[in-house]
Amino acid sequence: MLLSAAGQLLTVPGNKSCEGGRSLAHCRLVDVASASNFHSFKLRHFHLDLHLNFAVKRITGWQVLELTPVQPGVQSLILDTHPSLLIHSVDCKVPGASGAPDVFLSLTYRIEPFTDYGSSLNISLPAAVIRPHRAFRVTIRYTTTDGPAIWWLDAELTCGQTRPLVFTQGHSVCNRSFFPCFDTPAVKSTYSATVRVPEGVTVLMSASRSAYSKQDRVFQFSMEYPVPAYLVALVAGDLQHADIGPRSRVWAEPCILTCAVSKLGGSVERWLNVAEGLFGPYVWGRYDIVFLPPSFPIVAMENPCLTFIISSILESQEFLLIDVIHEIAHGWFGNAVTNATWEEMWLSEGLATYAQRRITTEAYGEAFTCLETVFRLDALHRQMRLLGDNNPVSKLQAKFEPGVNPSSLMNLFTYEKGFCFVSYLSQLCGDIKRFDSFLRAYIEKFRFSSVIAQDLLDFFLGFFPELKESCVAQREGLEFERWLNGCGPPLCEPDLSAGRALTGPVQHLCDHWGVDAPDPQVISTFDLSSWSTFQTVLFLDRLLDRSPLSQGIKGIVHPKMKISPLFTHPKLAPTVIHGSSSGRMTLDVGVAHALASLVKPLFVNRSKGSKVFLL
């Protein structure tokens, strides 16, 4: 196994404070996925100046980092980088003392191997630079080639097939091939960027402000709120936009823009308003969405101000709804408050999944939310059966050894077991509205910072002192420590009985179809034309769980319905899984939607005189 309990989260005990008011233990977090010495510096801001060359598929430019040493005796700056990123030079600007001119220095550096997903850039710092709490600037000139963060698409691979397109995908540890950085979620900073492109190319970034000079073909961006490196994102190509709300617009290639707008309509503003009512103000200003070609390596990515989402999701209204709402939820959980280490990714995905379901409950009712939750939890238990109850990947605090790519931890446990733990915390306080108030206070307390699980749980017990006094953290069989570090399925799951009106017919049809000799007359009484995509895919999943299928089923399967084993990804429907160089998964939503469309004609709607297909 790549995962091991030996890969502990290292801390220094004690309650002393350090830079930024954080505990000393928090400042000494060791992120085994980062080669950097991020704890030695405060990253105040960085700027990217880039030129995109589509002809040779290359980005050239420079980066300026504004840093402050926070520890004495530091002699080097170590950043995460990647073999595909070629360093040309490193310079330093040191502000002159007492009004003296600034000093510019050329710095020596070396590249050292780290893991198969990155290298380290070790920059030697002269004594004149490393004065505690005195800012200095480092400029790194570099060229990117074919790294895991940067996806160059020829025109033939885009939706419109007219112009090439490039996008970046930083999660979890890919952006070190986009620019040298402290590639850890523990570090946040503001950033700005200047991007030069050929004529006819539109550039977007995950930034709160942007400007464009048509004469110079230069785009300017700035992110005024601190974000971790993995949330810096760029896309450039033949993109057009349409406003869909007072703070939202859709970006897409011209051939799919109309479809995207019609699918979303005014829904995004409604979802944002519901989320703000639950969790407090949306702090990022804009919430825009860009639809990317099907080669986008994941389903959706919560880049601040600009969600990236795969265009094939437009095939299903329900999956589009769920995934956009999930990315909206990340505006609070994951982006505003971030997991400090990838070993506790559930702090982002588990909380965002809980928040997503609070939003859908308020917007669409409890039954809809329960249906979607049943669908996902079914998939979780399916994955549990495949992996076994003692697989360490099922831990919420999934420890991993140095060299293990954090992307390998992207699994249903991060989402659904995390969701169940958050739901359990909600049940402990006895009132979901009180728990909403806790989450608002949690966001207010830790906004724009990175946290560990202990931060969340300590704040929870402080917010509900009666629960702390009753020792709920040590309740037998449901101990917080067991939730975090125990293998296996969730210790308990929320009550989903409110969804029976939608899940009940699914189970009844499965029961009828799963017997040795299914009765076509009984099955014909089920009208799938009224079923949602979630109901149909849930039926397919449960039918496939009955393996091997009974022989009698062969007599009622549509001749075009060829089903192979389906798998479920946390952000998508059961469908075919495609690998990606980033380690995350791409799934084609259209497969699930097409399966749903194929299955529905199999059932009789007597009022329309339909027929059951027999082989």
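Source: prediction; values computed, not measured.
- Remark: the S40 side chain and the Q71 side chain contain an N/O donor-acceptor pair separated by less than 3.5 Å.
- Side-chain polar atoms of N303 and S206 form no donor-acceptor pair below 3.5 angstrom.
- E302 and H326 share no side-chain donor-acceptor pair at under 3.5 Å.
- Looking at H381 and E416, their side chains never bring a donor and an acceptor atom within 3.5 Å of each other.
- No side-chain N or O of S84 forms a donor-acceptor pair with one of S177 less than 3.5 Å apart.
- Taking a 6.0 Å sphere around CD of Q427, one finds it holds more than 12 heavy atoms contributed by other residues, nucleotides or ligands.
- Checking side-chain atoms of R357 against main-chain N and O of T373 turns up no donor-acceptor pair under 3.5 Å.
- With no hydrogens or angles considered, a side-chain donor-acceptor pair links S34 and D80 at under 3.5 Å.
- Side-chain contact, S119 with T81: no donor N or O sits under 3.5 Å from an acceptor N or O.
- With T414 contributing its side chain and M410 its backbone, the two residues share no donor-acceptor pair below 3.5 Å.
- Using modelled atom types and a 3.5 Å distance limit, the side chains of Q397 and E344 yield a donor-acceptor pair.
- Checked against Y354 for a ring-ring contact (aromatic ring centres under 6.0 Å, His included), the options Y415, F435, F333 give a single hit: F435.
- In this structure, F41 and F136 have perpendicular ring planes: the angle between them is above 60°, well past the 30° mark.
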